[in-house]
Amino acid sequence: MMKKIEAIIKPFKLDDVKEALNEIGIQGMTISEVKGYGRQRGHKEVYRGAEYVVDFIPKIKIEIVAEADLADNVVETIKKAAYTGKLGDGKIFVLPTEEVIRVRTGEKGKDAI
């Protein structure tokens, strides 16, 4: 069984998270620049004297597929590396993954990760 771990983190924490994941043996991940909001609900900024609302805050989304027995370690590693203690540190989602297939070779399951 495999799990997909999706983490939404602050952009400046990406290098810390990547290094921490490499240390536990995670080599593959997908990174996306995303925008959104949670409890922060955006914030106000002033630009050239005009105040405007920034509704969606820039974040980084990390996607990793790992064997189920590694998922808890991956989650804990991301939690520690992404933590600042301030509002907007992010979220981690863990989803079941039925199948992984490597396009080039046709390998399936953990061999395709």
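- No side-chain heavy atom of M29 sits less than 4.5 Å from a side-chain heavy atom of E63.
- In this structure a side-chain-to-backbone donor-acceptor pair under 3.5 Å is missing from T77 to A20.
- Between the side chain of K13 and the main chain of A81, a donor-acceptor pair closer than 3.5 Å is present.
- With values rounded to the nearest 0.5 angstrom, L87 atom CG is found 7.5 Å from K10 atom NZ.
- Not a single donor-acceptor pair under 3.5 Å links the side chain of E33 to the backbone N or O of K59.
- L70 and V100 sit in two unconnected hydrophobic clusters of ILVMFWY residues. Membership requires side-chain heavy atoms under 4.5 Å apart, directly or through other members.
- Nearest approach of E98 to M2, heavy atoms of both residues: O-CE, 4.1 Å.
- Under the salt bridge (charged side-chain N to carboxylate O under 4.0 Å, His left out) criterion, K3 pairs with no residue at all, not counting sequence neighbours.
- Formation of a donor-acceptor pair under 3.5 Å by the D89 side chain with backbone atoms of T84 is found in this model.
- How far CD1 of I78 is from CD1 of I5: 6.5 Å, rounded to the nearest 0.5 Å.
- The CD atom of E19 lies 8.0 Å from the CG atom of N22; values are rounded to the nearest 0.5 Å.
- Tracing side-chain contacts under 4.5 Å through hydrophobic residues (I, L, V, M, F, W, Y), one reaches I62 starting from V75; they form part of the same cluster.
- Side-chain contact between I57 and K35: absent, with no pair of heavy atoms (C-beta onward) separated by less than 4.5 Å.
- In this structure the side chain of I60 never reaches within 4.5 angstrom of the side chain of V17, judged on heavy atoms.
- Around atom CG of D72, no more than 12 heavy atoms belonging to other residues, nucleotides or ligands sit under 6.0 Å away.
- Looking at heavy atoms from C-beta onward, F93 lies in side-chain contact with I8 at the 4.5 angstrom threshold.
- Under the 4.5 Å side-chain heavy-atom criterion for ILVMFWY residues, a single connected hydrophobic cluster contains both I92 and I64.
- Cluster membership check: M1 does not share its hydrophobic cluster with V65, using side-chain heavy-atom separations under 4.5 Å among Ile, Leu, Val, Met, Phe, Trp and Tyr.
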